[in-house]
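Order of the sequence lines sets the chain letters (A, B, ...), proteins ahead of strands, with each chain counted from 1.
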Amino acid sequence: MKKEDSFHQRAIRAIKKIPRGKIATYGLIAAAAGSPRAARQVVRILHSSSDKYNLPWHRVINRDGKISLPPARGYELQKALLEDEGIVFSADDKIDFDHFLWSP
DNA sequence: CTCGTGACTCCCG
DNA sequence: TCGGGAGCCACGA
């Protein structure tokens with residue numbers, strides 16, 4: 001398809017493919033981009049290019065099905081956005097992967 | 001140019 | 001069972 005095989009591009013593409021009402025994990029995005037252990041890079045990309053590339057950063061959470069953001073970082077905002085898309089949180093603020101995890 | 005950091009994840013002891 | 005260390009890549013100073 002495209003020649004640009006940079007992790008950056010692939011990760012962004014993968015993130016943009018996440019459908020509304022679903023969520024993905026950092027590791028999942030990283031794996032989809034070519035490096036299952038490059039979750040940190042996904043984080044960095046979200047920080048640097050979420051607004052720039054219009055990425056649904058709120059649909060990206062950690063492997064526990066929980067939001068990794070500290071409350072001071074926008075945790076509440078992310079939770080609100082997810083709930084607005086129909087995502088349901090458990091009592092532990094966890095998301096049910098069986099229903100909401102996006103699969104590439 | 002080099003160095004440090006980061007909303008993570010996996011493996012090993 | 002739980003804790004610590006290593007790995008991945010990009011970006012800012």
**Asked** Atom CZ of R40(A) to atom P of dG12(C): distance rounded to whole Å?
**Response** 18 Å

**Intermediate values then yes/no, side chain to side chain contact (heavy atoms under 4.5 Å, CB included), Y53(A) and R13(A)** = CA-CA 10 Å; Y53(A) 291 83; R13(A) 255 188 254 145; over 6 Å; no

**Prompt:** How about R20(A) and R59(A): do any of their side-chain heavy atoms sit closer than 4.5 Å?
**Reply:** yes

**Contact check, side chains of E85(A) and F100(A), non-hydrogen atoms, under 4.5 Å** = no

**Prompt:** For I95(A), which of V88(A), L82(A), D64(A), I67(A) qualifies under side-chain contact (heavy atoms from CB on, under 4.5 Å)?
**Reply:** L82(A)

**Message:** When you measure from the side-chain N and O atoms of T25(A) to the phosphate of dC8(B), is any distance below 4.0 Å, counting only OP1 and OP2?
**Reply:** no

**Item:** CA sep, side-chain torsions, deciding dist, call: I45(A), W57(A), side chain to side chain contact (heavy atoms under 4.5 Å, CB included)
**Value:** CA-CA 10 Å; I45(A) 290 166; W57(A) 61 270; over 6 Å; no

**Message:** Under 4.0 Å between a side-chain nitrogen and a carboxylate oxygen: does that hold for D93(A) and K79(A)?
**Reply:** yes

**Request:** Provide, to the nearest angstrom, the distance between the CD1 atom belonging to I29(A) and the P atom belonging to dT9(B).
**Result:** 11 Å

**Request:** Whole angstrom is fine here: how far is it from CZ in F7(A) over to P in dC8(C)?
**Result:** 12 Å

**Item:** Beyond-backbone contact of L55(A) with K16(A), side-chain heavy atoms, under 4.5 angstrom
**Value:** yes

**Request:** By nearest nucleotide on DNA chain C, pick out whichever of A38(A) and H8(A) is the more 5' one.
**Result:** A38(A)

Which atom pairs link the protein and nucleotides 11-13 of chain B when you take only N or O atoms and keep those under 3.5 Å?
none

**Request:** Kindly check if the number of other-residue, nucleotide or ligand heavy atoms within 6.0 Å of CD (E76(A)) is above 12?
**Result:** no

**Fill in**
Atom CD of Q41(A) and atom P of dT5(B) are separated, to the nearest Å, by 16 Å

**Asked** Among residues 42-75 of chain A, which contact DNA chain C at a heavy-atom distance under 4.0 Å?
**Response** R44(A), S48(A)

